[in-house]
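Have a look at the structure below before the remarks.
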Amino acid sequence: MSRHFGRWRLAALVFGLALAGCGATTGSGGSAPAHTAGSPSSAPQTGVASLTLSRLSSLSNYTFTSTSGNAGYTFTITGEVHSPTDWETQSTVPVAETHYDVGGRGYAVTLGQVIPVSFATPKGLTHLDGEYSAAESLVGYTHVTGETITTQGSCRVAGESGTVYHLQSPSNAASLLVETATGCVAQGSGALLSYTAGVPSGSAAQANNLTGASLTFTVNSIGGVGVISAPKAPAATPTATAPPASSGTQQLPAGFPSQLPPPPGKVMSSAQLSSTKWYVQLTETSQDAYSQYEAELRGEGFAVSSSTSSSGLDLVTLTKGQFQVLLEQTSFPGQGVVLAVTVQG
């Protein structure tokens with residue numbers, strides 16, 4: 001099962017830069033001179049050259065929390081990582097779900113059901129949404145021409161001392177899009193301990209409903225995570241209750257692709273996660289909402305790339321050209337269904 005906010009990236013409108021979320025902890029100290037990323041003529045500041053993906057994503061045996069939000073919608077994941085192929089995460093939207101990677105085999109537990117999950121790789125990195133995803137985003141910043149990188153003193157996260165790195169989009173593009181990110185990088189190992197990214201302002205960001213979008217990642221503890229075991233279904237299936245209709249946004253998110261038919265049901269919440277990614281959660285009385293919308297998409301030329309069904313939960317991924325659509329329907333006996341639609345363009 002894929003995450004609704006499973007990727008850390010806010011696709012940047014101007015620079016094609018991947019933003020990733022993670023919560024930063026800053027400390028005292030002054031700013032060091034800026035290093036301009038992507039500029040061959042500027043010598044890297046001491047320490048900047050060490051911001052490599054392998055070092056930044058080197059943690060194992062840790063716990064973390066990640067949060068992403070936009071348009072008043074927030075999604076939070078907590079996780080325990082014993083190793084790259086031995087981890088567990090929990091989320092609560094639209095209902096409580098727990099995901100596992102046990103020796104490269106994926107599982108999800110929701111509504112009392114254990115469901116097999118297919119990972120693109122044994123590490124299941126896009127499902128984990130842990131340190132690797134945050135590190136990948138920070139490294140992306142270092143390759144953007146004009147991006148400035150400064151060190152701003154010390155930080156301490158999960159008992160580890162680190163250095164604060166601050167990244168800022170070029171000043172000559174501030175009227176269009178301002179992107180900022182701050183990371184706490186462990187001294188010695190170079191592991192990423194926390195990270196914050198966001199889009200505070202800019203006309204292009206406002207036009208694409210990205211102003212205020214933010215993501216955070218924080219390592220809560222290091223060590224003490226035991227081996228993760230394969231899940232078993234709960235002894236008693238909990239009573240499934242549909243979440244109440246939201247009083248917030250009641251329409252499709254800004255920029256939702258016109259190439260897709262509108263999904264069925266009443267919009268409970270929606271958000272444009274980036275210039276190429278949208279999320280919609282709907283409530284519908286008909287148990288056939290999922291299959292009907294799948295049929296509509298197939299009629300528009302989409303092809304099914306993966307699907308899973310069980311009592312209470314149905315999932316399908318469809319693709320067409322640059323579009324990938326994930327449908328997740330959760331059934332609530334006597335109450336209808338909740339349909340979550342995630343579109344990547």
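In this text the structure is predicted, and so the values were computed from the model without any measurement.
With values rounded to the nearest 0.5 angstrom, Ile149 atom CD1 is found 7.5 Å from Leu138 atom CG. Between atom CD of residue Gln281 and atom OG1 of residue Thr342 there is a gap of 10.0 Å, rounded to the nearest 0.5 Å. Taking CG of Leu326 as the reference point, atom CG of Leu318 lies at 9.0 Å (rounded to 0.5 Å). Distance check: Gln90 CD to Thr78 OG1 gives 4.0 Å after rounding to the nearest 0.5 Å. Taking CG from Leu59 and CZ from Phe64, the interatomic distance works out to 11.5 Å, rounded to the nearest 0.5 Å.
What you find for Gly265 and Leu282 is that their closest heavy atoms are O-CD2, 3.6 Å. Summarising the geometry of Trp278 relative to Gly255, their closest heavy-atom pair is CZ2-O, 3.1 Å, with the distance given to 0.1 Å. Nearest approach of Gln187 to Gly162, heavy atoms of both residues: NE2-O, 3.5 Å. In terms of heavy-atom proximity, Val164 sits nearest to Ser154 at CG2-O, 3.6 Å. Minimum heavy-atom separation, Tyr100 to Ser229: CD2-O, 3.8 Å. Closest heavy-atom contact between Val304 and Glu294: CG2-OE2, 3.6 Å.
For the side chain to side chain donor-acceptor pair (under 3.5 Å) test, no residue two or more places apart in sequence or in another chain qualifies with Ser286. Take Ser189 and apply the side chain to side chain donor-acceptor pair (under 3.5 Å) test, not counting sequence neighbours, and it matches no residue. For Pro264, the side-chain contact (heavy atoms from CB on, under 4.5 Å) partners two or more places apart in sequence, or in a different chain, are Glu284, Ala289, Tyr293, Leu339. By the side chain to side chain donor-acceptor pair (under 3.5 Å) test, Glu80 is found to be paired with no residue, residues two or more places apart in sequence or in another chain being considered. Remark: Arg105 pairs with Tyr107 by the side-chain contact (heavy atoms from CB on, under 4.5 Å) rule, at least two apart or across chains. Shown here are the side-chain contact (heavy atoms from CB on, under 4.5 Å) partners of Ser58, two or more places apart in sequence or in another chain: Ala191. For Glu160, there are no salt bridge (Lys or Arg N to Asp or Glu O under 4.0 Å) partners at least two apart in sequence or on another chain. The side-chain contact (heavy atoms from CB on, under 4.5 Å) check on Thr85 picks up Ser83, Asp101, Pro122, Lys123, with sequence neighbours excluded.
Between Leu252 and Pro262 the shortest side-chain heavy-atom distance falls below 4.5 Å. Two residues are said to be in side-chain contact when any heavy atoms from C-beta on lie closer than 4.5 Å; Leu297 and Pro261 meet this criterion. Put simply, the side chain of Leu260 does not reach to within 4.5 Å of the side chain of Val341, judged on heavy atoms. Side-chain contact between Trp87 and His99: present, with at least one pair of heavy atoms (C-beta onward) separated by less than 4.5 Å. The shortest distance between side-chain heavy atoms of Leu193 and Cys155 does not fall below 4.5 Å.
Relative ring orientation between Phe302 and Phe323 is described as tilted, the plane-to-plane angle lying within the 30° to 60° band.
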Please table the atom pairs, donor to acceptor, closer than 3.5 Å between any side-chain atom in residues 219-228 and protein atoms at least two apart or in another chain.
{"residue": "Asn220", "atom": "ND2", "partner": "Thr65", "partner atom": "OG1", "Å": "2.9"}
{"residue": "Ser221", "atom": "OG", "partner": "Thr63", "partner atom": "OG1", "Å": "2.7"}

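The main-chain N or O of Leu53 is never found under 3.5 Å from a side-chain atom of Glu136 such that the two would form a donor-acceptor pair. The backbone N or O of Asp288 lies less than 3.5 Å from no partner atom in the side chain of Gln329, so there is not a single donor-acceptor pair. Looking at Ser305, its side chain does come within 3.5 Å of a backbone N or O of Thr317 through a donor-acceptor pair.
Among Leu56, Leu192, Val81, the single residue meeting the side chain to side chain contact (heavy atoms under 4.5 Å, CB included) criterion with Glu131 is Leu192.
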